[in-house]
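Lettering follows sequence order; numbering is per chain, from 1. Below, all heavy atoms of this structure are taken into account, side chains as well, without hydrogens, waters or symmetry copies.
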There are 2 protein chains.
Amino acid sequence: MTDSPRRRIPEATLSRLPIYLRILGELSDEGTTQLSSDQMAALAGVNAAKVRKDLSYLGTYGTRGVGYDVAFLTYQIQRELGLTHEWPIVVVGAGNLGQALSGYGGFTSRGYPVVAMFDSDLSKVDTVVGGVRVRAIDDLPAVVQSMNVSIGVLATPGAAAQEAADLMVRAGITSILNFAPVVIATPRAVRVRKVDLASELQILSYYEDRRQSANPSADPARTASA
Amino acid sequence: MTDSPRRRIPEATLSRLPIYLRILGELSDEGTTQLSSDQMAALAGVNAAKVRKDLSYLGTYGTRGVGYDVAFLTYQIQRELGLTHEWPIVVVGAGNLGQALSGYGGFTSRGYPVVAMFDSDLSKVDTVVGGVRVRAIDDLPAVVQSMNVSIGVLATPGAAAQEAADLMVRAGITSILNFAPVVIATPRAVRVRKVDLASELQILSYYEDRRQSANPSADPARTASA
DNA sequence: GATTGTGAAAGCGTTCACAGCC
DNA sequence: GGCTGTGAACGCTTTCACAATC
């Protein structure tokens, strides 16, 4: 009776499933119908054992001696990620970054249509960005409820982020993708993922700084980098 | 004689140092001069043992019974991350995302001035975005060399990303922050970090999808989320 | 012969818990 | 008494290596 209705996927694996999914989509577009863990590994920039282990958490969907069926595996990953339907999202903060995120077609094309944008700056309200009208922040609860939105993108300046997050949570948002360069506090039930652009550069410059003392050999071999 | 001139910092720690650094900056602005690992942990959304372990990789910079000196710790983290000077960066791809990244003040203010943008679309060339003129992609090598650029931001569409990355590498770029939704191949010596916006949403929707079967308790306790 | 699926081993990262120092 | 620094324990992730299967 207590058998788990769905296996739990480890975080590390979860973070790679979207990469596999994208590769499968590209292969499908090219007309490829089958691939091995070795091929997937090369395309994803990881090793084959990892690909097999990752996919094994979803179930037994490969065929020994043959490989994986592109269409079937695509379907299984989509199902596992909850991508069988669209997830409407809202963007809070219509500054540079918020505008770019809404204009960037990548969200909509991957099943996350931006249904509304919000800003507290009334001079921005009613402007249209990437086909989406900017609304007053007070309209957030109504939109979240009427359009059944559970995911919000936080793209305000750091100083405004906590207040915006509080509003999002009160409106009923339960997952936040945080681009503001601050750590936000939320109820435990709300899931937050953080993308910190400057941090990424700081990590790169750390390694750049070390290059001086490191080996000066210029290795021309190419490797895939996830 | 073979003592390491600088300790190697684990990746996981490295990814948190920028967060600590930002918090220290905010504390300093408020006039705070001292903090404990407990306080830092609360602000960073991690636990105190992790803060102490992370900082211990840098050296022994705390004082037992007292805590850490904000200014001194700031200096040490900056030194470790190679932030004692500015790192000029270039943005390749002047579409929506590239424009937002250049306009977004966060790079410049944290020591990574955007010194040039590039696009292969000649109709974009010579337009000005966020105070930076867009140049033809052919000018990339000259700019990289004359301005001593080692970090490049890749913000092209997926289909153009590999070619753009090849050009960046040939021009002398040795670290790439990749926003294009594809895995790019580079020589091993070139370091690549990838920010995949749609992947982040896919991870969030996975958990959203599971909420249905999960516990329905609405816990109002607040926790910091990195 | 090819390739998957998976136990077991190895490697990392996190947390505990407490000695050491202020 | 308070707080750091760190060995040791624990848990998660990656990799190995090979039996199972087509």
Apply the test side chain to side chain contact (heavy atoms under 4.5 Å, CB included) to residues A:Val114 and A:Val90: give CA-CA distance (whole Å), side-chain angles for both, the deciding distance (0.1 Å), then the verdict.
-> CA-CA 6 Å; A:Val114 178; A:Val90 295; over 6 Å; no
OP1 or OP2 of D:dG2 less than 4.0 angstrom from a side-chain nitrogen or oxygen of B:Arg52, does that happen here?
-> no
So what does B:Tyr57 touch, heavy atoms closer than 4.0 Å: a base, only the sugar-phosphate, or nothing?
-> nothing
Is there a side-chain polar atom (N or O) of B:Lys50 under 4.0 Å from OP1 or OP2 of C:dT15?
-> yes
Count the heavy atoms of every other residue, nucleotide or ligand shown that sit under 6.0 Å from CZ of B:Phe72, and state whether that count exceeds 12.
-> yes
A:Tyr68 and A:Tyr61: ring pair (Phe, Tyr, Trp, His ring centres under 6.0 Å), yes or no, with the steps?
-> CA-CA 7 Å; A:Tyr68 301 88; A:Tyr61 298 141; 8.9 Å; no
Whole-Å distance, A:Gln76 CD to C:dG5 P, equals 12 Å
Would you mind classifying the nucleic acid contact of B:Asp38 as base, sugar-phosphate or nothing, using non-hydrogen atoms under 4.0 angstrom?
-> nothing
Interatomic distance where CG belongs to B:Asp54 and P belongs to C:dC12 [whole Å] = 17 Å
Presence of salt bridge, A:Asp196 and B:Arg110, under 4.0 angstrom | yes
Which whole-number value in Å describes the distance from B:Leu55 CG to C:dT14 P?
-> 13 Å
Separation of B:Phe72 atom CZ from D:dT4 atom P, in whole Å?
-> 15 Å
Atom-to-atom span, CE of B:Met40 to C1' of D:dT4 - whole angstrom = 14 Å
Please check the phosphate of D:dT4 (OP1 and OP2 only) for any side-chain N or O of B:Ser37 closer than 4.0 Å.
-> yes
Compare side-chain N and O positions of A:Tyr68 against OP1 and OP2 of D:dC22 and report whether any pair is under 4.0 Å apart.
-> no
May I have the distance from B:Lys53 (atom NZ) to C:dT15 (atom P), rounded to whole angstrom?
-> 12 Å
Is the side chain of A:Arg193 donor-acceptor paired with the backbone N or O of A:Ile176 at a distance under 3.5 Å, no angle test?
-> no
A:Arg16 side-chain N/O to D:dT14 phosphate OP1/OP2 under 4.0 Å = yes
Between B:Glu11 (CD) and D:dT14 (P), how many Å, whole number?
-> 13 Å
Under 4.0 angstrom, heavy atoms only, what part of the nucleic acid is B:Thr60 near: base, sugar-phosphate, or nothing?
-> sugar-phosphate
Below 3.5 Å, does any donor atom in the side chain of A:Arg64 face an acceptor in the base of D:dT21, or the other way round?
-> no
To the nearest Å, how far apart are B:Arg8 CZ and C:dG11 P?
-> 14 Å
